[in-house]
Amino acid sequence: MAVLSDHHWPDRLGGLRELRRVARRSVVFTWDRDAVRDSWLVTDYLPEFAGLTVSSLSIAEIADALGGAEVRSVPIPHDCRDGFLHAYWARPEAYLDPSVRDCISVFAAVDASEGLARLEADLASGAWHDRHGHVLDHDALDLGYRLVIAQ
């Protein structure tokens with residue numbers, strides 16, 4: 001099992017193939033690079049992150065590396081407590097907290113200072129709510145997280 005870690009492996013394809021080789025059932029909870037622009041966070045405040053995902057593996061490539069796999073969407077609940085990138089989609093103020101950002105690898109990979117300043121200003125002015133407040137009407141959102149299961 002791999003949980004939001006495979007994108008950190010130096011040889012991601014090799015690691016996925018090894019996971020499949022040593023396990024009868026492999027389960028990878030990961031994120032679909034093709035969903036990078038599906039969230040307000042990346043689109044409006046972390047556009048630099050979209051550039052990092054271009055060379056990452058697609059969900060199909062991950063499934064192939066596991067020898068063929070079932071792919072399931074994993075909607076993220078509005079009150080998710082796990083602490084990965086999109087866990088706080090319904091609590092945007094959380095991204096302004098350094099202790100929250102310290103647990104999200106994206107913030108170590110990009111200079112998010114300008115985007116965070118925009119987010120802080122947009123939250124203070126109400127602009128975030130005007131543009132994105134509609135997401136608060138949902139209990140969960142599909143933000144590109146996938147469970148890839150190989151039997």
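The figures here come from the full heavy-atom set of this structure, side chains too, leaving out hydrogens, waters and symmetry mates.
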Visitor: Run Arg101 and Ile104 through side chain to side chain contact (heavy atoms under 4.5 Å, CB included) and show every step you take.
Guide: CA-CA 5 Å; Arg101 293 193 311 271; Ile104 301 172; 5.6 Å; no
Visitor: Evaluate the criterion side chain to side chain contact (heavy atoms under 4.5 Å, CB included) for residue pair Arg118 and Glu114; output intermediate values, then yes/no.
Guide: CA-CA 6 Å; Arg118 282 193 312 276; Glu114 287 182 27; 4.0 Å; yes
Visitor: Can you name the closest pair of heavy atoms from Val148 and Ala63 and give their distance?
Guide: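 In terms of heavy atoms, the two residues are closest at CG1-CA, 4.0 Å.
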Visitor: Test Val71 against every option in Thr30, Ile149, Leu147, Ile59 by the side-chain contact (heavy atoms from CB on, under 4.5 Å) rule and name the one that passes.
Guide: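 Passing option: Ile59.
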Visitor: Is there side-chain contact between Leu141 and Ile76, with at least one heavy-atom pair below 4.5 Å?
Guide: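 Sidechains of Ile76 and Leu141: no contact.
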Visitor: Measuring from atom CZ of Arg33 to atom OG of Ser58, what distance do you get when rounded to the nearest 0.5 angstrom?
Guide: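 With rounding to 0.5 Å, CZ (Arg33) is 5.0 Å from OG (Ser58).
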Visitor: Output, in order, the C-alpha distance, side-chain angles, deciding distance and verdict of side chain to side chain contact (heavy atoms under 4.5 Å, CB included) for Leu136 and His129.
Guide: CA-CA 9 Å; Leu136 302 177; His129 197 277; 4.0 Å; yes
Visitor: Mind checking the OG1-CG spacing from Thr43 to Asp38? Nearest 0.5 Å is all I need.
Guide: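 Nearest 0.5 Å value for the OG1-CG distance: 7.5 Å.
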Visitor: Roughly how far, to the nearest 0.5 Å, is CZ of Arg17 from CZ of Arg12?
Guide: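 It is 12.5 Å, given to the nearest 0.5 Å.
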Visitor: For residues Ser99 and Cys103, report the shortest heavy-atom separation together with the two atoms involved.
Guide: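 In terms of heavy atoms, the two residues are closest at O-SG, 3.6 Å.
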Visitor: Write down the atom of Leu16, the atom of Leu66, and the distance for their closest heavy-atom approach.
Guide: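 Nearest pair, atom of Leu16 first, then Leu66: O-CD2, 3.4 Å.
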Visitor: When rounded to the nearest 0.5 angstrom, what distance separates SG in Cys80 from CG in Leu143?
Guide: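 Taking SG in Cys80 and CG in Leu143, the distance rounds to 10.0 Å.
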Visitor: The test is salt bridge (charged side-chain N to carboxylate O under 4.0 Å, His left out); show your working for Glu70 and Arg72 and say whether it passes.
Guide: CA-CA 7 Å; Glu70 173 189 355; Arg72 297 182 192 169; 2.6 Å; yes
Visitor: Could you pull out the closest heavy-atom pair between His86 and Ser39, with the gap in Å?
Guide: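 Taking His86 first and Ser39 second, the nearest heavy atoms are NE2-OG, 2.9 Å.
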Visitor: With clusters defined by side-chain heavy atoms of hydrophobic residues (ILVMFWY) lying less than 4.5 Å apart, directly or transitively, does Met1 cluster with Trp31?
Guide: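 Linked within one cluster.
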Visitor: Parallel, tilted or perpendicular: which fits the ring planes of Trp89 and His78, with parallel below 30° and perpendicular above 60°?
Guide: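 Plane angle over 60°, so perpendicular.
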Visitor: Measure the spacing between OG of Ser113 and CZ of Phe107 and express it to the nearest 0.5 Å.
Guide: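 These two atoms lie 11.0 Å from each other.
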Visitor: Looking at CG of Leu116 and CG of Asp111, how far apart are the two atoms once the value is rounded to the nearest 0.5 Å?
Guide: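 Leu116 CG to Asp111 CG: 9.0 Å, rounded to 0.5 Å.
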Visitor: State, yes or no, whether a side-chain contact exists between Leu123 and Leu96 at a heavy-atom distance under 4.5 Å.
Guide: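 They are in contact (side-chain heavy atoms under 4.5 Å apart), so the answer is yes.
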Visitor: When you check the side-chain N and O atoms of His132 and Asp44, is any donor under 3.5 Å from an acceptor?
Guide: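 Short answer, yes.
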Visitor: Yes or no on side chain to side chain contact (heavy atoms under 4.5 Å, CB included) for Tyr95 and Leu41, after CA distance, side-chain angles and deciding distance?
Guide: CA-CA 9 Å; Tyr95 295 107; Leu41 178 61; 3.5 Å; yes
Visitor: Take Asp79 and Arg91 through the salt bridge (charged side-chain N to carboxylate O under 4.0 Å, His left out) test and state the conclusion after the steps.
Guide: CA-CA 8 Å; Asp79 59 351; Arg91 293 162 287 154; over 6 Å; no
Visitor: Identify the heavy atoms of Tyr45 and Arg131 that sit nearest to each other, and give their distance.
Guide: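 What the structure gives for the nearest pair is OH-NH2, 2.9 Å.
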Visitor: If you take all heavy atoms of Pro75 and Ala140, which pair is closest and at what distance?
Guide: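 Distance-wise, the nearest heavy atoms are CB-CB, 3.9 Å.
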Visitor: Considering only residues two or more places apart or on different chains, which pairs with a residue in residues 3-30 satisfy ring-ring contact (aromatic ring centres under 6.0 Å, His included)?
Guide: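 Sorted pair list: Phe29-Tyr145.
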Visitor: Would you indicate whether the side-chain heavy atoms of Asp142 and Arg146 approach each other to under 4.5 Å?
Guide: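 Yes; the side chains approach each other to less than 4.5 Å.
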Visitor: Stepwise, does the ring pair (Phe, Tyr, Trp, His ring centres under 6.0 Å) test hold for Tyr88 with Trp40?
Guide: CA-CA 11 Å; Tyr88 304 99; Trp40 60 262; over 10 Å; no
